[in-house]
Amino acid sequence: MTVTLVPSLPALPALPDRPAAADPLGVLGVPGQINLDYAASAPCARAAADAVAELLPWNASVHRGAGALSRRCTLAYERARQTIGDFLGARAEDHVIFTRNTTDAVNLLARALPSGTTVVTFAGEHHANLLPWPRGSVRLPVPESPAAAVRALDAALRELRRVSPGSEPAPRPGATVAAGPPVLVAVTGASNVTGERWPVAELARVAHRHSARILVDAAQLAPHAPVDLAALDVDYLALSGHKLYAPFGAGVLVGRSDWLDAAPPHLAGGGATGHVGAATHDVRWATGPARHEAGTPNLLGAVALAAVCAALAGADRDALHAREQRLLARLRAGLATLPHVVELRTFAPEAPRVGIVSFVVAGRDSAEVAAHLAAAHQIGVRDGLFCAHPLARRLLAEAAARSRRQDLPPTALRASIGLGSTAAEVDRLVDALAALG
């Protein structure tokens, strides 16, 4: 099929084709369907599908059998844990705990917080990093720039330590301010609404300077860029397999073990115990990841996620990033040529970002536009407020003020790209939106 560009779309460098279907990082898909909804759920990578197919004949219990099948599955599960930990730069003392997804991982950590912990977030977070935290948490306003985020966090933590000096145990290594009641900073690595990257390393330095810990929601960052806990000096990290080219139902929480080993199990049940006595509450819980992994684990999800991590670890991440950035520039440039399309953003237009763009079509209901793109052009995009309602509503209001338009809809559209995306698919979206004008 021949694709015609919008005439005013500027010429951009040629893009290499997507990874071949046989490549471990080639993605599965349906012929004729254009998937531009990677930020919701990325397509499955060939590496994940092959790993699952190889293990399926051996399907058996993990940690619960002496037979050859069970031993093979137990080894595969624990190797997956090691592979994912290595991929994310986990330290020797960190736990890698398998969860269902990022939301599950953040909720696990929320339940593991020491008593009296104050959690500091920004209003730009996904609901998964807003809703699980205890009452009394501090929600900072959406900053206008990455530098403003760093300054706001520094001021907030300084004030928290001033009003609640406390007398907790000694701070973590590297802290320079006397420790007080526990504080956790919870931030995204990349916004699921705008794709804008947050200054994780700088925020971590500020947090540790005030004896706070930091959790990074890496659900949107990890599929697009390397994430290394040790290099970033991050205390906890959460991500979802279904955004990292693996099937649904597997995620991880990775991070420091002390809070996790001291907390009640995320789920109570088999596998999480070291001893169960005859009395009702005569239970000694396990330490380590098993403490929070009760029940039969999602072996196939863990193995699939590990296979993708291994494939990405062996790939040229710089080349993949450069390719995505060229494709992202092509998408944004194309949208900018359409007078009836307004992009949403928190930071300046040139701020670093991953392959996510949210926008509105003036005078058009976003849900109706998404339905039209699917029915008439076989293009899948997301519409709504993207499980980040406070941020999305704010950005919609700012877009209306910036564009001086009174006809912007109350919800937005989001196009997101990744390993399987092509220039032709981006151009098809731009053409289809141009035809709406």
Task: All side chain to side chain contact (heavy atoms under 4.5 Å, CB included) counterparts of R332, not counting sequence neighbours - done: L328, E343, P349, R353, V357
Open item on the list: Restricting to side chain to side chain donor-acceptor pair (under 3.5 Å), what partner residues turn up for R158, sequence neighbours left out?
Closed with: D154
- [ ] Please confirm whether the backbone N or O of E425 pairs with a side-chain atom of T422, one donor and one acceptor, at under 3.5 Å?
- [x] yes
Name every donor-acceptor pair, under 3.5 Å, that has one atom in a side chain of residues 367-387 and the other anywhere in the protein, sequence neighbours excluded.
residue: Q378; atom: NE2; partner: A375; partner atom: O; Å: 3.3

TODO: State, with a plain yes or no, whether a side-chain heavy atom of I97 is found less than 4.5 Å away from one of V252.
DONE: no
Open item on the list: Closer than 3.5 angstrom, by distance alone: can the side chain of Q220 be matched with the main-chain N or O of A39 as a donor-acceptor pair?
Closed with: yes
TODO: Give a yes or no on whether the backbone of A40 and the side-chain of K243 come within a donor-acceptor separation of less than 3.5 Å.
DONE: yes
- [ ] Any chance you could lay out the salt bridge (Lys or Arg N to Asp or Glu O under 4.0 Å) test for E93 and R256, step after step, and finish with the verdict?
- [x] CA-CA 7 Å; E93 70 275 13; R256 302 193 181 277; 3.4 Å; yes
TODO: Quick one: pull up CG in L335 and CG in L429 and give me the separation to the nearest 0.5 Å.
DONE: 6.5 Å
- [ ] Give a yes or no on this: more than 12 heavy atoms of other residues, nucleotides or ligands lie within 6.0 Å of atom CD of E159.
- [x] yes
Task: Heavy atoms from other residues, nucleotides or ligands near CZ of R79 exceed 12 (cutoff 6.0 Å) - done: no
TODO: Look at the rings of Y38 and Y245 and say which category their plane angle falls in: under 30° parallel, 30 to 60° tilted, over 60° perpendicular.
DONE: perpendicular
Task: Test log, rule side-chain contact (heavy atoms from CB on, under 4.5 Å), inputs S240 and L244 - done: CA-CA 7 Å; S240 296; L244 195 59; over 6 Å; no
- [ ] Using atom types as modelled and distance alone, determine if a side-chain donor or acceptor of T83 lies under 3.5 Å from a backbone N or O of A310.
- [x] no
Open item on the list: Does anything in residues 220-231 form a salt bridge (charged side-chain N to carboxylate O under 4.0 Å, His left out)? List the pairs, not counting sequence neighbours.
Closed with: none
Open item on the list: Measuring only between side-chain heavy atoms, which start at C-beta, is I356 closer than 4.5 Å to R414?
Closed with: yes
Task: Side chain N298, main chain G249, donor-acceptor under 3.5 Å - done: yes
- [ ] Go through the side-chain N and O atoms of D233 and H208 and say whether any donor and acceptor fall under 3.5 Å apart.
- [x] yes
TODO: May I ask you to test the L232-L237 pair for a side-chain heavy-atom distance under 4.5 Å?
DONE: no
- [ ] Could you list all the side chain to side chain donor-acceptor pair (under 3.5 Å) pairs where at least one residue sits in residues 133-147, not counting sequence neighbours?
- [x] N129-W133
Task: Where at least one partner belongs to residues 268-291, residue pairs that pass salt bridge (charged side-chain N to carboxylate O under 4.0 Å, His left out), sequence neighbours excluded - done: none
Open item on the list: Determine whether a donor-acceptor pair (N or O, by modelled atom type, separation under 3.5 Å) exists between the side chain of S191 and the backbone of T194.
Closed with: yes
Open item on the list: Checking the side chain of S257 only, and the main-chain atoms of D94 only, is there a donor and an acceptor separated by less than 3.5 Å?
Closed with: no
- [ ] State, yes or no, whether a side-chain contact exists between I417 and L36 at a heavy-atom distance under 4.5 Å.
- [x] yes
Open item on the list: Holding to side chain to side chain contact (heavy atoms under 4.5 Å, CB included), I want the full list of residues that pass it with A225, two or more places apart in sequence or in another chain.
Closed with: R197, L221
Task: Heavy-atom side-chain proximity of D217 to T102 below 4.5 angstrom - done: yes
TODO: Could I get the full list of salt bridge (Lys or Arg N to Asp or Glu O under 4.0 Å) partners for R81, not counting sequence neighbours?
DONE: E78, E293
Open item on the list: Applying salt bridge (charged side-chain N to carboxylate O under 4.0 Å, His left out) as the test, list every pair that has at least one member in residues 119-134; sequence neighbours left out.
Closed with: none
Task: Validation row: T188, V200 side chains within 4.5 angstrom (heavy atoms) - done: no
- [ ] Check whether any side-chain heavy atom of L344 lies under 4.5 Å from a side-chain heavy atom of L396, and answer yes or no.
- [x] yes
Open item on the list: Would the distance check show the side chain of R64 and the main-chain N or O of V62 forming a donor-acceptor pair, the cut-off being under 3.5 Å?
Closed with: yes
Task: Non-hydrogen side-chain atoms of P182 and T118 separated by less than 4.5 Å - done: no
Task: Side-chain donor-acceptor pair present, H266, D104, cut-off under 3.5 Å - done: yes
TODO: Quick one: list whatever passes salt bridge (Lys or Arg N to Asp or Glu O under 4.0 Å) with E350, sequence neighbours left out.
DONE: none
- [ ] For residues 386-397, pull every pair meeting side chain to side chain donor-acceptor pair (under 3.5 Å), keeping only residues two or more places apart or in separate chains.
- [x] R394-E398
Open item on the list: Working to the nearest 0.5 angstrom, can you tell me the gap between Q325 CD and L320 CG?
Closed with: 12.0 Å
- [ ] For the pair S366 (side chain) and T411 (backbone), establish whether a donor and an acceptor sit closer than 3.5 Å, ignoring hydrogens and angles.
- [x] yes
Open item on the list: So, taking the atom named CG in L229 and the one named OH in Y236, what distance separates them when rounded to the nearest 0.5 Å?
Closed with: 11.0 Å
TODO: Look at the side chain of T117 and the backbone N and O of P114, then say whether any donor-acceptor pair between them is shorter than 3.5 Å.
DONE: yes
Task: Of all pairs that satisfy ring-ring contact (aromatic ring centres under 6.0 Å, His included), the ones with a partner from residues 43-94, not counting sequence neighbours - done: H63-Y77, Y77-F98
Task: From CG (L331) to CZ (R326), nearest 0.5 Å - done: 15.0 Å
Task: Neighbour count above 12 (heavy atom, 6.0 Å) for R100 CZ - done: no
